[in-house]
Amino acid sequence: MKHYDFKAIEEKWQRFWDSEGCFRSALVTEKKKYYVLEMFPYPSGRIHMGHVRNYSIGDVVARYKRMQGFNVFHPMGWDAFGMPAENAAIQHKIHPAKWTYENIANMRTQLKRLGYSYDWEREIATCHPKYYRFEQKFFLDFFKTGLAYRKKAPVNWCPSCHTVLANEQVEEGLCWRCDSEVQHKELSQWFLRITDYAEELLADLETLSGGWPERVLAMQRNWIGKSTGAEVSFSVQDMDAQISVFTTRPDTLFGATFMSLAPEHPLVEKLIAGSSQEKEVRAFVERIAKMERIVRTAEDLEKEGVFTGRYCLNPMNGRQMPIYVANFVLMDYGTGAVMAVPAHDQRDFDFATKYGLPKVQVIAPKDPDMVLDEQTAYVDAGFMVNSGEYDGLDSEAAKAVIVQSLAERGLGKATINYRLRDWNISRQRYWGAPIPIIYCDHCGIVPVPEKDLPVELPLDVQVNPDGRSPLPDCKTFVEVICPSCGQPARRETDTMDTFVESSWYFARYLAARNEDHPFTPEDAAYWMPVDQYIGGIEHAILHLLYSRFFTKVLRDQGYLAHGEPFANLLTQGMVLLHGSKMSKSKGNVVDPDAMVAKYGADTVRLFCLFASPPEKDLEWNDQGIEGASRFLHRLWRLVESLKESLTAVAPCSPIAGVLSDAEAELRRKEHDVVRRVERDIENKFQFNTAIASMMELINTLYAVKDELQKSPHGPTLLSSALSSVLVILSPIAPHICEELWATMGHSQSLVHELWPVYDPEALKTNEITVVIQVNGKLRSHISVAADASSETVQDLALRDKNIVRYIEGKNIVKVIVVPGKLVNVVVK
RNA sequence: GCCUGGGUGGCGGAAUUGGUAGACGCCAGGGAUUUAAAAUCCCUUGUAUCUUAGAUACGUGCGGGUUCGAUUCCCGCCCUGGGCACCA
């Protein structure tokens with residue numbers, strides 16, 4: 001018997017697929033398309049088990065869909081810009097470009113060793129000028145339409161890394177790399193106007209329902225944070241000034257007894273100028289301004305404030321409302337001013353209690369017996385009271401009526417507020433795509449003319465040891481001639497956030513080698529959207545929101561026909577070792593290469609798919625992978641040992657003639673397993689149960705092979721069953737299946753094979769087991785003919801000797817017969 | 001607080017529309033083969049109790065409910081992973 005030499009077999013078939021170009025994709029419109037995509041990796045140097053799991057799931061989907069007759073598009077590339085390359089450059093004195101391209105080469109080899117069916121001719125790397133030139137083109141388009149703009153904004157600044165950090169790179173106020181305290185700095189930055197798309201990004205989540213996990217949709221909804229309410233204007237007494245507030249509760253306007261402003265509110269200075277409160281307020285504002293943002297926004301921070309000495313007027317009842325500056329009011333949400341309704345908002349309630357401010361109840365509970373708590377604001381809906389002409393109205397209904405009244409007087413309007421902020425894409429880093437902008441003393445901000453694209457990132461620079469970008473010091477890069485007036489000018493030295501590259505890469509694959517267009521409308525119309533996107537939950541908001549935004553913008557600019565990039569999303573769970581995520585710093589990593597060397601790619605793939613359903617976390621288990629390996633060896637020995645009697649019959653072959661019971665049973669099992677595997681893959685990619693079914697079939701084959709080898713139809717049925725196993729297992733463990741397929745005598749590679757079609761007739765049995773219960777408890781089984789009538793089954797059940805024991809001398813109240821399943825005898 | 005997942009043997013996990021709870025795999029125990037080991041093959045394996053070739057009771061986080069019958073449906077809780085949050 002030939003030994004299962006997985007190393008030789010895997011190399012052989014990988015070479016074969018490669019040289020035959022089995023996985024190249026072409027535009028074939030008569031076939032239905034299927035675009036399956038896994039989130040592309042950052043080229044860190046080596047793949048980890050999380051990648052293996054992600055890409056194994058994707059590869060099964062790709063191979064399965066090909067077998068189902070789809071024209072499958074399955075590309076791979078590299079998210080190649082980013083800080084780790086610069087860190088490596090500093091640590092190992094190697095240029096980020098060299099480091100990145102070497103890593104890509106290593107990781108490509110690793111991925112090829114796992115036998116993934118990628119179309120490698122579509123490979124992209126985002127750090128290549130031929131990639132980012134189109135990104136620069138998009139930026140210019142966005143700039144033209146006002147979607148990209150520059151503004152001064154507060155950012156997270158790490159003084160030791162000399163760079164801004166994204167919010168997610170700040171951990172409890174400290175820099176994730178060097179643990180320095182992050183400062184706040186006002187910097188002029190480039191922003192993309194994602195807030196223009198807030199409503200559409202939110203509304204279109206509905207269209208993704210079903211295709212995307214509910215929790216990802218919920219996370220995006222939270223992130224966008226829509227609140228519906230009104231903007232209301234309060235005029236300041238004895239002064240020509242208005243304070244505008246955003247409120248979700250215009251129905252409580254009659255209960256507004258004071259006003260709270262953020263310390264940074266632009267009106268504060270004007271309000272206090274020359275007043276007796278000036279000194280006190282200024283001291284308070286300065287004290288708050290010095291506080292770290294995390295301390296400031298901590299929920300347990302004591303609420304405090306200071307009176308400005310000024311009053312504003314309630315637009316509904318003319319009430320004098322003292323104006324406070326309060327530490328809990330945030331300048332970057334709403335208008336930076338809050339109308340305080342102590343009776344109906346807990347925060348305002350506490351604040352009013354502390355400073356002895358009046359509380360006026362304007363909403364009465366609908367339940368007249370409800371007793372209001374002395375210490376708690378009543379925040380629910382109810383009936384209006386103390387609200388003049390609105391008394392007695394339902395508070396929900398009153399919202400619109402009051403807003404209407406304000407609008408008629410020019411004092412307010414219905415409005416919607418979002419939590420979502422515009423996307424700051426400027427990075428003071430070297431290893432990124434240059435922003436194609438020139439600053440001219442005469443002309444101001446001047447976009448780089450399209451003919452001058454790409455603005456190439458200069459490679460003949462050295463990364464500064466302290467991490468500062470070398471670009472501002474790179475004269476050949478910075479010093480340019482203004483394209484508009486011809487005078488000397490300066491180039492923008494910030495680069496783009498790497499999330500910009502990953503916001504459109506899925507479309508670039510469609511025309512990866514096209515140097516004139518990012519992609520063509522024909523390609524996009526045929527292939528987009530991605531039918532199945534697969535990746536980690538950690539991208540639930542950032543990457544997945546940015547990509548959705550980009551797709552909508554590219555649609556509006558005429559590049560794409562679709563407004564959503566990913567029709568279906570699978571978020572796979574993490575790979576854990578000893579209960580926590582594998583990480584180099586914790587030292588709990590399992591190296592995929594070592595596993596492939598020890599067990600082979602097929603085993604590693606099989607284990608990743610079998611150990612748990614894809615969306616759940618997977619606990620790595622050395623014994624578990626032994627089990628996976630055992631199964632493939634068992635399959636190998638089965639085919640090798642039967643080799644002499646096997647023939648190259650098609651999966652689920654029709655059989656002429658009468659089958660013995662054992663023969664019919666094997667045939668039934670074969671067809672049933674094909675049915676179950678197909679169902680499990682179609683239904684939420686349940687590869688774990690699909691594999692379990694195939695294991696059952698192998699177990700059955702072991703049990704019956706000796707008997708069936710000698711029976712008339714036995715060899716044909718064994719061959720058919722094994723052909724089926726090899727075809728349906730091939731998306732998961734492709735190499736061993738190809739090899740055994742050839743061993744069986746099949747002349748054509750499995751990549752040309754279609755998914756077997758099971759015969760529903762083959763699933764039928766002559767005899768079925770019916771369960772008998774007494775009062776819902778299992779008491780016996782009987783075997784009856786499959787077509788036995790309910791009466792016959794009931795009759796047999798009641799005469800079963802196990803059942804007689806339980807029902808003797810008792811009253812039979814009723815008998816329930818579920819055809820083909822069970823009989824329940826109810827007795828008293 | 002709001003929004004979302006989840007809770008089933010020693011472990012990972014199964015269970016189409018309510019119909020045999022624990023498929024498949026791992027671990028463990030026993031046996032076969034072997035000079036021996038590895039590998040392989042076969043058997044046992046939810047818990048408890050008993051008069052132990054078998055039988056009975058209990059058992060899917062907890063407490064109720066609907067039903068002939070509930071892991072599955074309904075009501076009320078507990079625990080837990082994740083997201084958002086002084087959000088006005």
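Letters go in sequence order (proteins before strands), and every chain restarts at 1.
- Among the nucleotides C86(B), C24(B), G13(B), the one closest to any side-chain atom of Pro613(A) is G13(B).
- Dense packing is recorded around NZ of Lys643(A), with more than 12 heavy atoms of other residues, nucleotides or ligands lying under 6.0 Å away.
- Using a 30° and 60° split on the angle between ring planes, Phe351(A) and Tyr355(A) fall in the tilted class, from 30° to 60°.
- Residues Arg637(A) and Met695(A) both approach RNA chain B. Their nearest nucleotides, taken by heavy-atom distance, put Met695(A) toward the 5′ side.
- One atom, CD1 of Ile541(A), and another, C1' of G83(B), lie 6 Å apart when rounded to the nearest Å.
- We find that OH of Tyr418(A) is positioned 18 Å from P of A85(B), with the value rounded to whole Å.
- In this model, a donor atom of one side chain and an acceptor atom of the other lie less than 3.5 Å apart for Tyr333(A) and Ser227(A).
- Among the nucleotides U40(B), C68(B), G19(B), the one closest to any side-chain atom of Lys814(A) is C68(B).
- Closest to the Asn621(A) side chain, of the nucleotides C58(B), C26(B), A88(B), is C26(B).
- No hydrogens or angles considered: a donor-acceptor pair under 3.5 Å links the side chains of Glu199(A) and Tyr418(A).
- Applying the 3.5 Å distance criterion, the base of C68(B) shares a donor-acceptor pair with the side chain of Asn824(A).
- With C42(B), G83(B), U4(B) as the candidates, the nucleotide lying closest to the side chain of Arg634(A) is C42(B).
- Comparing C84(B), A23(B), A55(B) by their nearest atom to the side chain of Thr689(A) picks out A23(B).
- Of all nucleotides listed (C24(B), A55(B), G19(B)), C24(B) comes nearest to the side chain of Phe610(A).
- A donor-acceptor contact under 3.5 Å links the side chain of Lys303(A) to the base of C86(B).
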| said: Test ring pair (Phe, Tyr, Trp, His ring centres under 6.0 Å) on Phe499(A) and Trp423(A); report intermediate values, then the result. | reply: CA-CA 10 Å; Phe499(A) 279 105; Trp423(A) 175 15; 7.4 Å; no
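- Using the six-membered ring where Trp is involved, Tyr324(A) and Phe258(A) have ring planes that are perpendicular, over 60° apart on the 30 and 60° scheme.
- Out of G25(B), U56(B), A23(B), the shortest distance to the side chain of Glu696(A) is found at A23(B).
- Remark: P of U40(B) and CH2 of Trp636(A) are 16 Å apart, rounded to the nearest angstrom.
- The side chain of Val818(A) has G19(B) as its nearest neighbour among C24(B), C84(B), G19(B).
- The nucleotide whose nearest atom lies closest to any side-chain atom of Lys616(A) is, among A57(B), C27(B), G13(B), G13(B).
- Between the P atom of G19(B) and the NZ atom of Lys821(A) lies a distance of 7 Å, rounded to the nearest Å.
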| request: Whenever both distances are under 3.5 Å in a Watson-Crick or G-U wobble pair, mark it; put RNA chain B into dot-bracket that way, with [ ] for crossing pairs and | when the partner is on another strand. | output: (((((((..(((......[....))).(((((.......))))).(((((...)))))..(((((..]....))))))))))))....
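- Here C2(B) presents its P atom at 11 Å from CG of Asp380(A), a figure rounded to the nearest Å.
- With RNA chain B read from its 5' end, the first of the two nearest nucleotides for Val825(A) and Arg676(A) is the one closest to Arg676(A).
- In this structure, the separation between CG on Leu576(A) and CD on Glu619(A) is 5.5 Å, given to the nearest 0.5 Å.
- Remark: Phe254(A) CZ to Gln361(A) CD distance equals 14.5 Å, nearest 0.5 Å.
- The CG atom of Leu778(A) sits 15 Å away from the C1' atom of C68(B) (whole-angstrom rounding).
- Atom-to-atom, CH2 of Trp620(A) to P of C26(B) comes out at 15 Å; the value is rounded to the nearest Å.
- Arg221(A) places its CZ atom 17 Å from the P atom of A85(B), with the value rounded to the nearest Å.
- The nucleotide whose nearest atom lies closest to any side-chain atom of Ala218(A) is, among C68(B), U4(B), U40(B), U4(B).
- G31(B): glycosidic angle beyond 90° from 0, hence anti.
- Within the 4.0 Å cut-off from OP1 or OP2 of A23(B), not a single side-chain nitrogen or oxygen of Asn699(A) is found.
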